[in-house]
Amino acid sequence: MKKYMLGSKILRIYFMGFLTMIVVSVVGFAVISNRMYTQQVINFCENVVRLNLDILDNKLLSIQESQRTITEDSQLKKIIEYRSKIEHMENIDYSIELFNQRVISDKFQILIRNREIENAYIVNEEGDCFYWYKKPIRQGEIAKELWYQNVLKNMSLSTSYISEVHDKSYLINPSKEKCISMVMPIILGSQQIAFSPKAYLICDVNLKAILDNNVSDIDFALLNSSKQWYYFNKIEENAQIQNYILDKVFSKDVNVDTIEQKAGEDLLLVSMKTKFFGLQLMGIKELTEASTMKQSILKLSLMILIIAIIITIIISRKTVRTIINPVKRLMKQCNEVANGNYNVEFGEEKIEEMIVLSDVIQGMIKNVVYLNEKMIEEEKKFSEQKLKALQHQINPHFVNNVLQSMKGMALRGENKKISDLSTYLGKIMAYSVYQPYQSVTLKEELQHVENYLKIQSIRYDNKVLYSIECNSRVENTKILKLTLQPIVENAVEHGMKLQEREFITISAEEEGDMVCIIISDNGKGISEEKIKELQRRLVIGEVYQQEKSVGILNVNERIKKKFGDEYGLEIISRNGSGTTVIVKLPKEYKEEQGDESISCR
């Protein structure tokens with residue numbers, strides 16, 4: 001089995017645990033921060049697009065309202081009707097026409113409030129211009145424009161219709177600048193019943209002026225229902241963006257997407273639909289700031305991680321020293337006690353469990369020293385087997401073995417087992433050293449035995465199994481303290497040497513005027529020759545002087561001297577079938593003054 005230094009093992013565990021938490025925290029911080037910043041960018045872009053969309057809707061509605069005011073004017077209708085009846089310009093009465101032009105000019109003044117209108121003109125079906133505002137157009141040319149033909153084809157109501165994106169080639173001074181046109185029919189008196197307009201008011205609208213939001217890092221594109229473009233700057237120059245958007249189906253009122261470019265920064269695309277005119281406004285923003293922020297967050301995260309690792313190393317080392325140093329000191333002191341030096345001084349500890357364990361061991365040593373001194377002074381009052389029984393119960397080697405087991409568990413990080421061992425060991429030591437010869441109730445003695453078995457079960461990885469049953473009528477039966485542990489200890493030590501799993505059962509029942517405590521194990525058992533010899537010694541109350549069976553013989557001797565020769569131990573065993581020890585006690589016993597009642601400090 002590979003061995004580890006306890007300090008190195010705990011340091012590694014602490015470091016890896018803290019490091020894992022720190023890495024998870026830093027990565028979480030980086031991811032959340034990046035998402036929050038990205039969401040802020042998206043929200044900003046959405047707000048800008050929504051603002052421009054509202055402006056676009058309002059501007060187009062305002063133009064539509066201005067067109068409606070002009071086209072529904074009765075005086076204008078009379079002028080248009082008069083002009084429609086004149087087939088040739090040489091038939092025009094120029095005095096009337098001059099007056100009409102002044103009237104129309106006054107009507108066109110309504111359009112001044114709409115700065116987005118670049119041109120306005122009234123034309124007939126053939127595209128001949130009756131009147132114009134700002135820039136004149138060539139006669140008949142507009143009828144050749146495809147966008148104009150499509151608008152007239154789809155026109156069915158007296159409202160404004162928005163054309164496709166087109167240039168201004170129909171002007172007297174043609175221009176390649178792009179715009180859209182809003183066309184509203186002029187319904188004359190004879191056309192009120194059947195919708196058949198003979199003239200139209202057309203306004204050329206500069207969308208770029210509407211969408212000029214002074215946000216330099218956001219570009220806009222406008223798409224009609226036929227996916228025809230009106231775009232600016234980067235969109236016009238970038239075919240990848242155009243193809244991406246044309247291939248995309250925008251089913252929601254608000255769409256957010258990211259365009260990954262092979263060359264250059266990725267783009268954020270936010271698309272929204274207008275409420276009234278069937279257009280789709282798109283805002284495109286380069287994610288340069290987001291990339292810069294990602295790098296900044298990454299650098300900050302790395303700095304935090306490095307600092308956290310340094311702090312973790314410092315804290316881990318300090319924590320390991322806090323845990324390991326007291327254990328090392330206690331092990332060293334216990335080893336000295338095990339070697340017979342009872343003058344060991346225990347320093348003051350700060351860990352609660354170490355304080356309890358240190359106090360218990362010091363109390364144990366003081367009681368051992370005190371009892372040894374009293375036994376020398378009162379050798380005539382106490383038999384040799386009592387001294388051996390006491391030394392057997394509070395042998396410091398047992399404590400050292402438990403501490404060695406705790407060390408191994410610490411190497412494996414089994415903190416719960418270490419805590420349990422500390423608790424049970426403290427209870428055993430407190431029970432063993434305080435008035436070891438006084439009588440206690442059977443319930444208290446069985447609790448002590450259970451604490452001992454719990455320690456052995458933990459030490460042997462749950463290979464020691466046990467069952468304890470006690471009839472409630474005999475729980476308060478008096479029994480000498482430390483009567484049952486030597487028997488159970490003998491079963492554990494001999495059983496675990498010969499097999500992989502030990503099972504011990506303990507039960508207590510009434511038998512006439514006796515109380516019988518039956519302790520059985522599933523060990524190898526005792527040979528017939530040896531069991532006969534052991535039974536003979538138990539009957540005569542002899543104390544066996546060799547190492548073997550000293551605990552059982554001493555317990556038998558103590559019971560007989562305390563309660564009488566009819567009580568004591570009975571052993572039943574067969575080779576290969578386990579061993580059963582029956583402890584016989586009186587059901588009722590009145591404690592006499594001075595009977596094994598020495599107080600120990």
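Model, not experiment: these values are computed from the prediction.
Contacts classified as ring pair (Phe, Tyr, Trp, His ring centres under 6.0 Å) and involving residues 557-584 (residues at least two apart or in different chains) are given here: Phe563-Tyr589.
Between Ile526 and Thr579 the shortest side-chain heavy-atom distance falls below 4.5 Å. Side-chain contact between Val474 and Thr477 is present, with heavy atoms from C-beta onward closer than 4.5 Å. For the pair Val488 and Tyr452, the minimum side-chain heavy-atom distance is below 4.5 Å.
Residues passing the side-chain contact (heavy atoms from CB on, under 4.5 Å) test with Gln39 are Ile42, Asn43, sequence neighbours excluded. Here Glu444 pairs with nothing under the salt bridge (Lys or Arg N to Asp or Glu O under 4.0 Å) rule; sequence neighbours left out. Under the rule for a side-chain hydrogen bond (donor to acceptor under 3.5 Å, both in side chains), Glu450 has no partner lying at least two apart in sequence or in another chain. Partners of Lys463 by salt bridge (Lys or Arg N to Asp or Glu O under 4.0 Å), not counting sequence neighbours: none found. Considering only residues two or more places apart in sequence or on other chains, Asp420 meets the salt bridge (Lys or Arg N to Asp or Glu O under 4.0 Å) condition with Lys416.
Panel note: side chain Asn556, backbone Leu569; a donor-acceptor pair is recorded below 3.5 Å.
Between Glu533 and Arg536 there is a salt bridge, since a side-chain N of the basic residue sits under 4.0 Å from a carboxylate O of the acidic one. A salt bridge between Lys481 and Glu445 is absent, with no side-chain N of the basic residue lying under 4.0 Å from a carboxylate O of the acidic one.
Contact between Leu480 and Ser439 at its shortest, heavy atoms only, is CD2-OG, 4.0 Å. Here the closest non-hydrogen pair linking Glu475 and Thr441 is O-CB, 3.5 Å. Closest of all the heavy-atom pairs between Met272 and Glu46 is CE-O, 3.3 Å.
A side-chain contact (heavy atoms from CB on, under 4.5 Å) with Thr580 is found for exactly one of Thr505, Ile518, Ile519, namely Ile518. Of the candidates Val464, Val402, Thr423, Val402 is the only one forming a side-chain contact (heavy atoms from CB on, under 4.5 Å) with Ile455.
Taken to the nearest 0.5 Å, the CD atom of Gln485 stands 3.5 Å off from the NE2 atom of His448. Taking CD of Glu489 as the start and CD1 of Ile552 as the end, the distance is 10.5 Å to the nearest 0.5 Å. Put simply, CG on Asn451 and CD1 on Ile428 are 5.5 Å apart, with the number rounded to the nearest 0.5 Å.
Other residues, nucleotides and ligands contribute more than 12 heavy atoms inside 6.0 Å of the CE atom of Met21.
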